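Below, read A as the first sequence line, B as the second, and so on, with proteins coming before strands; counting in each chain starts at 1. What you see is a predicted model; the values in this text were computed from it and never measured. All values below come from the heavy atoms of this structure, side chains included, with hydrogens, waters and symmetry mates left out.
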Amino acid sequence: MVVLRFLILAPLAAALLNLFFGRWWGKKTTAALACGSVFLSFCGALRNAYAIQIHSLPAQRVIVDEIFTWIAVGRTVIRMDLVQDNLTCVMCLIITGVGFLIHLYSVGYMAHDGGFRRYFIYLNLFVFFMLLLVLADNLLVLFIGWEGVGLCSYLLIGFWHADMKNASAGKKAFVVNRIGDFGFLLGMLVILLTAGTLSVTELKSAVALQPIASGTATLICLLLFLGAAGKSAQIPLYTWLPDAMAGPTPVSALIHAATMVTAGVYMIARLHFLYALSPLASGVVAAVGAATAIFAAVIGLAQNDIKKVLAYSTVSQLGYMFLAVGVGAYTWGIFHLTTHAFFKALLFLGAGSVIHGLSGEQNLQKMGGLRKHLPVTFVTMLAGTLAIAGVPPLAGFFSKDEILVAARLAEPAVWSGRVLSGIGLAAAFLTAFYMGRLLCLAFFGSSRVEKEKAAHLHESPWTMTVPLMILAILSAIAGFGHHHFSEWLAPLFGHAAPTPADIHDRVMWASVAVALAGLGLSALFYIRSPGIPARIAAGLGGLYRLVADKFYVDELYDRMAVKAVYWTGVLSHAFDKHVIDRLVNWTGGSLRAGGFVISFLQTGNVGHYAIWFLAGVSALLVLFTGGAP
Amino acid sequence: MNFETAVANLGFRDLAGISPALNLILAGIAILALDAILPMRSKLLSAWIALLALAGSLFASLHRLAVGADISAFNHAVRMDPFANAFSAIICLASTLAVLSAPKYLKLREVHLAEYYALILFSVSGMVLFGASQDLLMMFLALETMSIPVYCLVGFTRTNVYSTEASMKYFLIGAFAAGFLVYGIALLYGAAGTVRIEDLAVGLDRAPGLFYSGMALLLVGFLFKIGAVPFHMWTPDAYEGAPTPVTTFMAEAVKAAPFGGMLKVLFVGFGFEEAMQVWQPVLIGIAVLTMTVGNLIALVQDDVKRMMGYSSIAHSGYILVGVAAAAELHSTDALAAVLYYLFIYVLMNAGTFGVLILFSSKDKDANHLDDLVGLGRERPWAAALMTVFLLSLTGIPPLGGFFGKFYIFSYAIQAGMIPLVVIAILNSVVSAYYYLKVIGAMYFREPEDGARAVFYFEGYSVFLIAMLWLSAAGVVYWGIQSETPLLLAEQATASLFKPAP
């Protein structure tokens, strides 16, 4: 096996090398270093997965790398330990595997960008922090990774920071995540207070020995979930993710679809033993997940920006994952995370290829008929769309199906299993519909591309199409591994209970039916008779506007929270300027004046020095002998 | 034991015992001899010899410290115990850094003479023996051995009026202070009938008046050396007038060494309850004065070198807080915090002066704030290093300066001296102003005429660059890894109260 620190250090080393020495070598070396380091980590992760696989005893199926003791204060000891078990194996393979493909894709995508080196430094740094997040044994170390990926996300959303819009999108992501992080920090503090440790391994054995009181466990889990909701864009903190599409498209694929935004799901799966103690918190997670899934899917229906559609789709799919972990189906939550990483990365990269081919055009209404011009992109995106819609036998079908079955069978504390699975099915229908809409608008029908852009229309270079093809194959076949997958994670989450065959069949047929119905309906609307959507939109009137304008949630937050904070800021600023600053200036001024006066004693005349000296000697003599006879 | 047997008993063991000092003296003599034989080639060679000798002494002291060697030599006049070795190590480190900073500056000023290094080595040998002295006469000898070469060094650029003036002033006031010191020794001898530091206590019962007067005058001598108010007046003048490498040497080695003798006299000679009750409150008062005056005057300085002079006065004040706390707590661990502070202080001070030397050119020093404007853009690495040193001097975590202050202040809090700590921390806040002013000049001020500032590495010296990086690495590394030096320091101070072998 490979020592874990090398796994995470490879991308960091590449980032530092490119940072310090990158100006002396060209783009090729920069790209080779960046891609190579991630590939190296991928090989290491693969090797570790194999090493874990061949161990027959469950106790040995963990790789631990104790690096150093970071903080030791009193009884609290924070160690910099990395741990790789079956769950982290999956995550590492996704991060480095999909990460490598996206790095490769970026080489082509960013080839003409002035910030080429900066881009790859950020990207490598992101992989480093993400691996740290995933491998950390201690929650505080995990939090470093958590904040680190947030930082990289911020930097990459605002990558083209010359445009104010992009910069403020980055800022929005950062600020909204702060709210979640606050919950996460509080959750960690409560854990530290109750269990006395932040190490997940120790926490697990401590909880197994003596369970935490259910009230405390609920508090911890809800606080942590607030953090997860921030990072993974769930209601009510999802608003940053659609705006985050301001970054380069490969970034959206890597950070805002495949890896970073799934950190919340991973964290809950990682702490599943805590959530098992609190049915209420789990119920909340499931309910919020389901609500997000349908809510975001509805908004996705009416978006015209190709990346915005995918962004809301990501929010919606993340909702599915939370639904899964909320009803206790951790295995299927992580499985959906995996398949989603494949097909959503594929869809984003495909969208990127379209945007690249169309010289930056992102509006779906200005595309159409692209399938002849971008054949590879079209075929791969078709695979991705079928996968996410849940058409068998592609990957999304299996993972979504298992989640719906698990939700149907669960007895959550907040909403009933029937409701949850019903919402899930409805969201699946909407997903199939808006993805079909995206595909039809972009690739079918007559071309609505602007003239000057149509002239430059071209298929992307191989560094971009090869990752697309690999991801398309993965999206197509990954679903067949679902039995192996559940076996693989069984040491952590236990074996899945056998499901009653009738319910399983019913849910399966229903989900296939809604997927096909959604796709069919979109084909009808957008290929056969393109007039219908406009008529429906006109018929719905206000309701349509409501959806197209994302239910005015941003405006609502702006009114309720942002404005209030803003005015508090204005008031504080005034107080700071007129009260505190004056006090400080006054103090500083008088101190300076004091120094100025005293400095006159320093005349430069040795005689004066001697007089002061003598005064000092006399004072000392008096003080010392004053008490003596 | 009469005189003849005492002399007859001297031998190789005694010489071996003081080998860290002896080594330096021999190297100094070798440099002088070499200069006579090979006048044309001796300059850089002398620098290398000095560096080698200092490194030898440094490692010998560190080794002895690590194994806990405790050697008495010359009929118990000198004791190389872990305490003396710790000081020896700090001083040798400080002097190494000072020597590294010298060649470039001296060459530019055309006074690159071999004598420079010989003088430094002689002075350092005095410093090493100063902390090792077991009786007051030995201590006085060591003090003069360390002081006289420094007077010469301050006036080393002898064609420079300021340099000679500073040398003269320093010498006059120094002679003045030495007079008090000798007088104090005489009074103590009169009271106790001995000059052995550990036996001084008997003087209190015999003649308390003489004893306390002697103690006061002795303390005056030490307070003068460390630049405590009101005996500090020479510091800014001497620092400003001296060639910058000499200032470096003075601000670190000449600053740290007197603490060795002072701590020994205070805690071994006057370490018993009655005497401590007298000197400890006085020391607190002097600490407050020293910090406040040093920081306040530093606020209004525009010359970085002079500002650093006042800053060094203020730092003496912080160290005195630690000494007072150790006296209150009767704790050798608190004294160890003082040693750690000195160690870090040496590193950060050396670095700050090093950057000033880096941009000194043939005709003028780059000492003024305005000389550093735009450094951040033109010479990012040098500016970054300077920032590290200044932030450490301010006491910003995780740099060494922070932990130095942190340990001293936390011991003072343990000792219940809350008001003193509040004053000290307020003083740190004041000091932030003038340290950050330099950083502000480097990064945030534009040259007034809108032209680009130009910074040449005139007389580029690898020695100097090495010194800067070493100091910066030390400030960062030994700040985060403060445990190791602190542990060594605790061993060192613990030996202070063990009977001599």
Among B:Leu296, B:Asn295, B:Val430, residue most engaged with chain A (heavy-atom pairs, under 4.5 Å):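 Heavy-atom pair counts peak at B:Leu296.
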Are there over 12 heavy-atom neighbours, none belonging to [X], within less than 6.0 Å of that residue's [atom1]?
X: A:Phe174; atom1: CZ; value: yes
X: A:Phe143; atom1: CZ; value: yes
X: B:Tyr162; atom1: OH; value: no
X: A:Trp25; atom1: CH2; value: yes
X: A:Arg5; atom1: CZ; value: yes
X: A:Lys27; atom1: NZ; value: yes
X: A:Phe116; atom1: CZ; value: yes
X: A:Arg582; atom1: CZ; value: no

Going from CG on A:Leu620 to CD1 on B:Ile286, what distance comes out if it is rounded to the nearest 0.5 angstrom?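 Between atom CG of A:Leu620 and atom CD1 of B:Ile286 there are 5.0 Å.
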B:Phe180 side, atom CZ; A:Leu621 side, atom CG - distance, nearest 0.5 Å: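 The CZ atom of B:Phe180 sits 8.5 Å away from the CG atom of A:Leu621.
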Answer with side chain, backbone, both or neither: which region of [X] has an atom nearer than 4.5 Å to a non-hydrogen atom of chain A?
X: B:Phe211; result: neither
X: B:Leu172; result: side chain
X: B:Ala177; result: both
X: B:Val278; result: both

Contacts of type side chain to side chain donor-acceptor pair (under 3.5 Å), residue B:Ser311, not counting sequence neighbours: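 If we apply the side chain to side chain donor-acceptor pair (under 3.5 Å) test to B:Ser311, skipping adjacent residues, the hits are B:Tyr435.
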What pairs with B:Ser482 under side chain to side chain donor-acceptor pair (under 3.5 Å), at least two apart in sequence or on another chain?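 Checked B:Ser482 against side chain to side chain donor-acceptor pair (under 3.5 Å); matches are B:Tyr407.
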Closest heavy-atom contact between A:Thr625 and B:Ser213?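 A:Thr625 and B:Ser213 have their closest heavy atoms at CG2-OG, 3.4 Å.
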Within residues 595-619 of chain A, which positions have a heavy-atom distance to chain B below 4.5 Å?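 Within residues 595-619 of chain A, near chain B: A:Gly595, A:Phe596, A:Ile598, A:Ser599, A:Leu601, A:Gln602, A:Gly604, A:Val606, A:Tyr609, A:Ala610, A:Trp612, A:Phe613, A:Leu614, A:Gly616, A:Val617.
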Under 4.5 Å, heavy atom to heavy atom: which of residues 216-226 of chain B reach chain A? Give them by number, or say none.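 Residues of residues 216-226 of chain B touching chain A at under 4.5 Å: B:Ala216, B:Leu217, B:Leu219, B:Val220, B:Leu223, B:Phe224.
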